[in-house]
Each structure stands twice: as C-alpha cells, then as structure tokens.
Amino acid sequence: MQIPLLDLKRQYETIKDEIDAAIAGVIDRSQFIGGETVERFEHNFAQYLNVKHVVSCGNGTDALEIALKALGVQKGDEVIVPAYTWVATANAVVNVGANPVFCDVDPTSYCMDFSLLESLITPKTKAIIPVHLYGHPADMKAILEIAKANNLKVLEDCAQAHAAEIQGAKVGTFGDAAIFSFFPTKNLGALGDGGAIVTNDAAIARSCFVERNQGQEMKHVHLTNGRNSRLDTLQAAVLDKKLPHLDSWTAKRIQVAQWYDSHLTLESIKKPQVLEGNKHVYHLYVIQTPKRDALKAYLSEKGVSSLIHYPKPLTALDVFQPQGQIKFPIVNKLSENILSIPMFPELSLDEVVYICDQIQQFLA
Ligand SMILES: *Cc1c(COP(=O)(O)O)cnc(C)c1O
C-alpha cells in the first residue's frame with residue numbers, strides 16, 4: 001500500500017462536477033478580481049462561523065499582518081505567540097515591525113500555555129496570538145481573561161482549525177479578530193492561496209478592508225499606504241462550493257482520528273488528547289514516540305508517508321534568535337518526538353488499520 005499524508009485529488013474527485021462548474025462560471029463571466037462571487041463567499045463564511053465580518057485576502061500570512069495592523073500593533077510593540085506553530089505566525093509579527101515573544105505550549109493540547117502568559121507580559125506587550133494548533137482549540141477563556149486584565153488585543157490564528165469549537169462556538173469568534181488560511185492543504189482549502197480576517201468589530205473590519213486594497217476607502221481616496229492582497233474570484237468560487245462540505249469532511253476527520261485512537265494500543269505511543277469542552281478538527285494527527293526518526297524511516301519503507309510539524313520550535317530558529325531568551329522545555333521535547341501520520345477525510349478504515357499495524361509492529 002502507498003498512503004500519502006494527504007490526498008487532495010481524492011477530495012476533488014468527490015466534488016469534481018461542482019468545482020468544474022464553479023470554475024467555468026467564473027471564466028464565463030470573466031470577472032476575475034472581486035465582484036459578487038467574492039462577496040458571497042465572505043457572507044457565507046461569516047454565517048457559517050457566526051461572526052459579523054469576513055474580509056478575504058491573498059493568504060493567511062497577509063491576513064495576520066493586516067489584522068495586526070488593524071489591531072494597532074506598531075514598531076517596537078511586543079506580541080506573544082506560541083513557541084510551536086507554523087513560522088508565519090511569528091513572521092507576521094516581525095513584518096509589522098513588532099517583536100514576537102514566545103510562550104511554551106501546554107503538553108496536552110500543544111497550544112499556548114496560558115499559565116505562562118502573565119510572566120511574559122511587559123509594558124510593551126500589545127497583543128497575544130493564540131494558535132489552534134493541529135486543529136485543537138487554544139484555551140480562549142483563560143487567554144481572554146488575562147488579555148482583558150492587561151488591556152491586550154487577542155488575534156486568533158485559525159489557519160489549522162476551520163470548524164473547531166469551544167463549548168459549541170466556532171474558533172475565530174472569541175478574539176478581537178481571527179485569521180484563516182485557505183492554503184490547499186488546510187481543512188478548508190482553495191486550489192491555490194487564499195486567506196481571511198474575521199471579526200465582530202466593524203472598525204477592525206473596515207481597517208482590514210482598507211489595508212488590503214492599497215489603503216483605499218473608496219476609489220482614489222487613500223487613508224494609508226496599504227497593500228494589495230486579494231482572494232481571487234476563482235478561489236472564492238471554489239471555496240464557496242467547498243464550504244457546504246466542511247462539516248461532513250470534519251466529521252470524517254474525527255472518524256479517522258477515532259480509528260487511529262482505537263487501533264494504536266501500545267502504551268509507548270502518545271496519541272492526541274482532546275481537552276474537555278473542545279472540538280478537535282484534526283488538521284493533523286500527531287503522535288509522539290521517542291523512536292520517531294526510526295519509525296518515520298520504517299513507515300516510508302512500508303509506503304506510509306509521515307512528516308514532522310515542525311522539526312524545530314520557533315525559539316530554535318536563527319531568524320528569531322534575539323527573542324530566544326528563556327527555556328522552553330515542552331516545545332523542545334515535542335520537536336524530538338512528534339510525527340504527523342496520514343490524515344484526510346477520504347482515508348479508509350483499511351488504510352488506517354494498515355498504518356496502525358506498521359506502527360505497532362515497529363514499536364512493539
Ligand atoms: C498555514 C498557516 C499560516 C499561514 O497561512 P498561508 O495561507 O500559508 O500564508 C499561518 N498560521 C498557521 C498556524 C498556519 O498553519
């Protein structure tokens with residue numbers, strides 16, 4: 001058997017007619033930037049999340065930068081980010097002129113450990129970016145309490161957590177604003193790049209709207225320098241067709257995770273945990289074993305793809321060295337032991353059983 005980490009072709013085959021028709025429709029109308037199709041997707045995504053405003057843009061990294069600016073983050077400010085996340089979260093902070101301050105993660109959820117936050121806050125701290133890593137929600141209740149007490153903004157990074165929930169409310173609806181990525185491999189992915197900022201605050205939405213469009217409030221009225229960052233009409237049309245499938249895809253991811261949970265029985269394998277009250281959407285299924293590197297090589301021989309998300313914590317990257325001040329025991333240990341095994345909605349029970357058998361044979 002050959003089992004990829006993710007198989008986008010299989011998903012496409014299940015909705016080929018809808019996607020092909022959506023693309024043909026855009027070409028037929030030949031409006032390739034903006035227009036009703038983009039507005040319709042923004043509206044539908046807002047309804048899906050139960051949030052007032054969605055401002056789409058070119059990708060998730062742009063969304064982070066645009067949102068940070070809209071939240072008033074400026075040169076010299078500090079922004080607290082988890083030490084374990086995709087590098088984009090911290091790069092965006094640097095690219096608006098601010099300094100990322102890293103927070104170690106919770107050993108169960110792998111999200112920002114809120115109990116460390118207070119020790120990281122200084123007079124320069126302006127905002128916190130919790131990341132719902134691998135699809136598990138960060139502890140928003142605790143983070144929001146600390147943010148409120150210290151007058152800090154909260155920007156949720158939901159790039160890996162479309163449809164994840166805390167007590168029945170979707171992630172992306174808790175902070176002052178949130179960002180999503182529609183990179184093809186994300187739980188809701190386009191056929192190229194895409195991103196969005198979501199918020200219930202009309203003024204923040206307005207600032208994002210202006211920033212993504214050359215600082216224009218309306219044609220030729222420029223409020224700031226802004227930038228150009230747009231969700232293509234083609235991508236919006238595709239995302240609008242995929243959005244109604246997101247709940248069933250998410251349910252299938254959860255089913256696949258349950259299959260893994262029940263077939264990976266060896267004590268030495270640490271499986272993903274879900275903290276009470278949370279809906280984990282398994283962007284990735286990440287296990288831990290001290291024999292990680294050897295297991296990865298063995299799986300590869302057996303036709304099973306796996307990857308390490310991520311080989312190094314951000315605190316170990318040279319580009320962030322000036323802030324790598326204190327020790328980060330949890331992320332350092334994680335980076336040695338974690339392995340992402342195949343996870344996508346179309347994975348079959350037979351494949352999951354095969355993968356589990358290989359893992360258990362090697363580790364037994
Ligand atoms: C993918 C990702 C981003 C960035 O999204 P792009 O669309 O690739 O720019 C940001 N944060 C996290 C946690 C991500 O996984």
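Counting convention: from 1, in listed order, for ligands and their atoms alike. The model shown is predicted, which means the values in this text are computed figures rather than measured ones. By convention here, the first residue in the shown sequence is residue 1.
Backbone and side-chain nitrogen or oxygen atoms of Gly60 are examined, and one is located within less than 3.5 angstrom of a nitrogen or oxygen of ligand 1. At under 3.5 Å, not a single nitrogen or oxygen of Thr85, backbone or side chain, sits near a nitrogen or oxygen of ligand 1. For ligand 1, the polar-atom distance check finds an N/O of Lys186 within less than 3.5 Å of one of the ligand's N/O atoms. Considering backbone and side-chain N/O atoms, Thr61 comes within less than 3.5 Å of an N/O atom of ligand 1.
Each of the following atoms of ligand 1 lies closer than 4.0 Å to a heavy atom of Asn59: 7 (O), 9 (O). Residue Ala88 has at least one heavy-atom neighbour below 4.0 Å for each of these atoms of ligand 1: 3 (C), 4 (C), 10 (C). Close contacts of ligand 1 with Ala159, meaning ligand atoms under 4.0 Å from a residue heavy atom, involve 2 (C), 3 (C), 10 (C), 11 (N), 12 (C), 14 (C), 15 (O).
Ring centroid separation for the pair Phe180 and His162 comes in under the 6.0 Å cut-off.
Ring geometry for His222 against His220 counts as tilted: the plane angle lies between 30° and 60°, on a 0 to 90° scale.
Remark: Lys242 does not engage Glu18 in a salt bridge, criterion side-chain N to carboxylate O under 4.0 Å.
Identified under the side-chain hydrogen bond (donor to acceptor under 3.5 Å, both in side chains) test for residues 80-89, with sequence neighbours left out: Thr85-Thr89, Thr89-Asp157. Applying the ring pair (Phe, Tyr, Trp, His ring centres under 6.0 Å) test to residues at least two apart or on different chains, the pairs with a partner in residues 233-266 are His245-Trp249, Tyr260-Tyr285.
When Gly194, Ser181, Pro184 are checked for heavy-atom proximity to atom 7 (O) of ligand 1, Ser181 turns out nearest.
Applying the 6.0 Å contact sphere to CD of Glu36 captures no more than 12 heavy atoms from other residues, nucleotides or ligands. Counting non-hydrogen atoms of other residues, nucleotides and ligands closer than 6.0 Å to NZ of Lys153 gives a total of 12 or fewer.
With a heavy-atom cut-off of 4.0 Å, Val131 touches ligand 1 through its side chain alone.
At the top of the distance list for atom 11 (N) of ligand 1, counting protein heavy atoms only, stands Asp157 OD2, 2.8 Å.
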